[in-house]
2 protein chains.
Amino acid sequence: MLRDVYIVGCGMTRFGRSEGDLIDILEQASLAALDDSGLDPKAIQSVIVANMGAGILSHMTGVASALVDRLSLYPATAEVVENGPASGGSAAKMAACAVGSGLVDVALVAGGEKMRDVTGWESTDFVASLSHPQAEYIYGVTLPSLAGMFTRLYMEKYGVTHKHLAMVAIKNHSNAMKNPYAHIHQTVTMEGILTRPEAIVNNPPVAEPLRMFDCCPVSDGGAALVLCSEEVARKSGKPLVKIAGIGQATDTHAVHERKDPTELTAVRLAAQQALKMAGRKPADVNVAELHDAFTILEIAESEEVGFFKKGTGHLALERGETSLTGKIPINPSGGLKAKGHPVGATGVAQLSELTWQLRGEAGERQVKDARVGFSCNFGGFGNNVVAFVLSREK
Amino acid sequence: MLRDVYIVGCGMTRFGRSEGDLIDILEQASLAALDDSGLDPKAIQSVIVANMGAGILSHMTGVASALVDRLSLYPATAEVVENGPASGGSAAKMAACAVGSGLVDVALVAGGEKMRDVTGWESTDFVASLSHPQAEYIYGVTLPSLAGMFTRLYMEKYGVTHKHLAMVAIKNHSNAMKNPYAHIHQTVTMEGILTRPEAIVNNPPVAEPLRMFDCCPVSDGGAALVLCSEEVARKSGKPLVKIAGIGQATDTHAVHERKDPTELTAVRLAAQQALKMAGRKPADVNVAELHDAFTILEIAESEEVGFFKKGTGHLALERGETSLTGKIPINPSGGLKAKGHPVGATGVAQLSELTWQLRGEAGERQVKDARVGFSCNFGGFGNNVVAFVLSREK
């Protein structure tokens with residue numbers, strides 16, 4: 001990147017069920033981020049919206065123009081970026097390029113999704129619209145089904161058990177209790193979701209071996225960031241959080257075409273790129289937000305990113321290394337699992353959480369001495385992954 | 001822009017009715033652009049798809065990941081950019097930022113739309129999904145209806161007549177006869193579409209005063225560009241076409257909120273910005289591709305861009321100044337009117353046409369000595385406009 005890009009503002013809506021429509025959600029998150037930045041809204045030259053489903057879910061296009069209008073930011077430029085559940089990461093990357101290229105000095109990234117207007121299977125079918133149309137979708141493949149098959153292979157190959165999956169849920173639900181923006185504020189226990197006989201009723205199978213508490217909820221929600229040049233960031237007086245590294249990689253669209261479907265190659269490549277650009281190693285990362293749409297993914301990603309050796313993520317989890325006070329706290333926000341996963345918002349929300357962590361503004365869920373943060377935003381079933389390294393600067 | 005960006009490859013599908021699906025269309029255009037660039041496909045680091053309607057029209061998301069897969073370009077990054085009918089301009093801008101920021105050296109921009117899978121009113125309703133949901137869409141506003149009202153006002157204020165509108169159609173249909181990629185290969189005459197009594201049958205009203213031949217057709221189609229750094233462009237050996245200027249501006253989402261609805265403020269601002277960045281004046285432009293989704297728009301945009309004084313575009317048209325051999329040839333490709341308007345492809349196709357013109361490769365429709373080209377890609381009803389200035393370099 002020819003010039004550095006900083007995050008000077010971030011904001012979120014409470015994830016969950018929103019009374020408003022998609023534009024209301026994006027507006028609320030944007031106003032929070034603008035307010036947090038302390039900048040005059042007139043400084044915004046570019047608005048980039050991350051959204052996956054406005055067309056299918058709300059019969060809307062041109063959502064970014066609608067947001068600029070709602071915020072009275074014209075003549076600021078506006079566009080929507082879509083990359084499935086990694087739309088947020090992609091939008092933030094593109095905004096970083098707009099600032100990094102010198103075309104603009106200040107950009108607003110707003111991610112949002114209004115998913116709960118449709119019910120049950122329709123949400124799942126909507127998300128499945130990202131699967132391969134001929135090789136997956138027409139056979140009824142859904143994201144939970146892909147994750148279920150992935151989990152089965154992972155269990156066989158590495159000895160991951162239902163108990164390890166539940167540990168991810170328990171940890172992330174516990175973190176979410178400390179996050180006022182999280183969708184689910186509910187402490188769960190190993191007994192309640194797994195070991196008591198009646199747990200099968202409260203935590204029924206979704207796509208075996210995955211059970212309900214292994215899957216993220218369906219959420220409405222929005223998150224926003226204000227990105228800017230170093231000059232604007234220094235003038236703003238806000239704590240300096242830099243986008244130190246960006247990485248992104250694609251993999252085969254259809255999961256069954258991968259040589260070894262338990263390898264998440266795109267996660268590995270995206271993480272390597274982001275860390276290389278930042279001049280960091282996995283061990284330098286103090287806090288990470290990983291894309292735990294399913295509990296197994298947090299374990300697998302923690303390995304592909306390089307925090308733990310392949311096949312040992314569940315053991316590190318068992319030892320508590322990924323808890324809030326562990327060696328490398330993962331998903332202090334509660335993750336997608338408990339904070340929620342309004343798909344277009346997720347990548348942006350990950351960066352908001354890291355920004356709060358690096359500023360020391362994360363309240364009860366603050367990771368001690370966090371200076372370097374890492375995020376992994378996972379699109380498709382690992383076919384398009386965006387990673388960031390953020391660093392606190394002086 | 002901190003470093004210059006060049007166009008080294010361009011390609012299109014023939015617009016019209018495509019047998020293939022959206023991915024087939026994008027693939028075909030991309031392969032043509034890659035082939036034209038002469039670069040090894042492995043050089044592509046970023047794929048940006050311009051598309052407006054995959055969600056609504058094809059129940060698809062993650063189209064860019066699907067295209068990367070089809071072209072076997074992984075691990076190249078991939079995302080979709082949506083900005084209504086200006087999606088193509090926005091995608092090209094974002095790809096330019098990716099190269100201009102130094103994040104990547106080579107990017108593929110592929111715009112495409114598969115619009116003819118739905119019939120009649122459904123196409124119009126799909127495009128209307130970009131109108132203001134509460135202030136326009138629910139009242140049945142469509143793009144032709146907005147254009148009809150705009151035309152009525154323009155006629156009253158500036159003395160534009162049905163004859164002037166027909167002149168745009170006649171000119172652009174004539175140009176399209178020389179463009180192998182154009183949807184409509186049909187010469188039309190003033191008698192045939194306007195002055196003979198039976199013309200009302202062949203050219204019926206759509207949204208008065210606009211008649212059928214004042215409106216672009218509904219087309220499937222794709223267009224693609226390969227963008228790169230100066231270093232890559234010089235090594236490629238291709239004629240050097242530089243993205244010299246980029247401009248973009250938004251306006252109120254609802255047209256009725258504009259002080260004077262006959263002013264296309266976003267066109268004016270976007271053009272000013274693009275020309276300023278390029279260090280050019282309107283009079284320096286040798287060839288222009290304007291967004292004539294309706295004939296009136298070519299006239300109005302030719303004024304807002306600064307080729308002619310406000311209210312005099314129709315007089316310049318009458319004098320033949322915008323014909324292929326005129327002072328400032330407009331829409332040598334045939335424009336949206338006759339080349340067709342697969343919405344996501346249009347902004348990309350405009351830049352392809354300009355590239356061919358600046359290289360001297362436009363065949364029978366070649367504008368003599370074209371060194372500076374200008375494009376205007378018009379989103380919404382003028383609520384989000386993207387403009388480019390391209391220049392031939394040595």
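These figures come from a predicted structure and were not determined experimentally. Numbered from 1 within each chain, the chains take letters A, B, ... in sequence-line order.
- Listed options A:Arg3, A:Glu82, A:Arg70 were ranked by heavy-atom pairs under 4.5 angstrom with chain B; first place goes to A:Glu82.
- Interface remark: of the candidates B:Ala96, B:Gly53, B:Gly100, B:Gly100 forms the most heavy-atom pairs closer than 4.5 Å to chain A.
- Residue contact with chain A, scored on non-hydrogen atoms closer than 4.5 Å, involves the backbone and the side chain of B:Val81 alike.
- When side chains are defined from C-beta on, A:Glu301 counts as touching A:His291, because their heavy atoms get closer than 4.5 Å.
- With a 4.5 angstrom heavy-atom cutoff, B:Val63 touches chain A only via backbone atoms.
- The candidate from B:Gly84, B:Gly102, B:Ala66, B:Ser131 with the greatest count of non-hydrogen atom pairs under 4.5 Å with chain A is B:Ala66.
- Of the listed residues B:Ala266, B:Ala249, B:Ala254, the one with more heavy-atom pairs under 4.5 angstrom with chain A than any other is B:Ala249.
- With 3.5 Å as the limit, one finds no donor-acceptor pair spanning the side chains of A:Ser18 and A:Asp220.
- Of the two parts of B:Leu57, neither the backbone nor the side chain holds a non-hydrogen atom closer than 4.5 Å to a non-hydrogen atom of chain A.
- Residue B:Gln273 does not touch chain A at all, counting heavy-atom pairs closer than 4.5 Å.
- Looking at B:Ala98, both its backbone and its side chain come within 4.5 Å of chain A, counting heavy atoms on both sides.
- The greatest number of non-hydrogen atom pairs below 4.5 Å with chain B, out of A:Thr77, A:Leu269, A:Leu73, is found for A:Thr77.
- When heavy atoms are compared at a cutoff of 4.5 Å, A:Ala78 approaches chain B by way of both its backbone and its side chain.
- For the options A:Ser90, A:Ala86, A:Pro85, heavy-atom pairs under 4.5 Å to chain B are most numerous at A:Ser90.
- Using a 4.5 Å cut-off between heavy atoms, B:Glu257 contacts chain A through its side chain alone, with no backbone atom that close.
- Within the model, atoms CD of B:Glu113 and OG1 of B:Thr346 stand 8.5 Å from one another, a figure rounded to the nearest 0.5 Å.
- Side-chain contact check for B:Thr61 and A:Ser129: at least one donor-acceptor pair (N or O, by modelled atom type) lies under 3.5 Å.
- The candidate from B:His132, B:Met1, B:Gln248, B:Met277 with the greatest count of non-hydrogen atom pairs under 4.5 Å with chain A is B:Gln248.
- Under the 3.5 Å distance criterion, with hydrogens and angles disregarded, no donor-acceptor pair is assigned to the side chains of B:His253 and B:Asn384.
- A distance of 12.0 Å separates CD of B:Gln45 from CG of B:Leu108, quoted to the nearest 0.5 Å.
- Of the listed residues A:Asn51, A:Asn383, A:Thr252, A:Thr265, the one with more heavy-atom pairs under 4.5 angstrom with chain B than any other is A:Thr252.
- If you take CE on B:Met52 and CZ on B:Phe126, they are separated by 4.0 Å, rounding to the nearest 0.5 Å.
- The distance from atom CD1 of A:Ile44 to atom CG of A:Leu71, rounded to the nearest 0.5 Å, is 9.0 Å.
- Residue-environment remark: CD (B:Glu122) exceeds the threshold of 12 foreign heavy atoms within 6.0 Å.
- Options B:Ile23, B:Val385, B:Asp125 differ in how many heavy-atom pairs under 4.5 Å they form with chain A, and the most are formed by B:Asp125.
- Heavy atoms closer than 4.5 Å to chain A are found in the side chain of B:Met94, but not in its backbone.
- By the 30° and 60° cut-offs, the orientation of the rings of A:Tyr137 relative to B:His59 is tilted.
- Top candidate by heavy-atom pairs under 4.5 Å with chain A, chosen from B:Asn83, B:Val104, B:Ile56, is B:Ile56.
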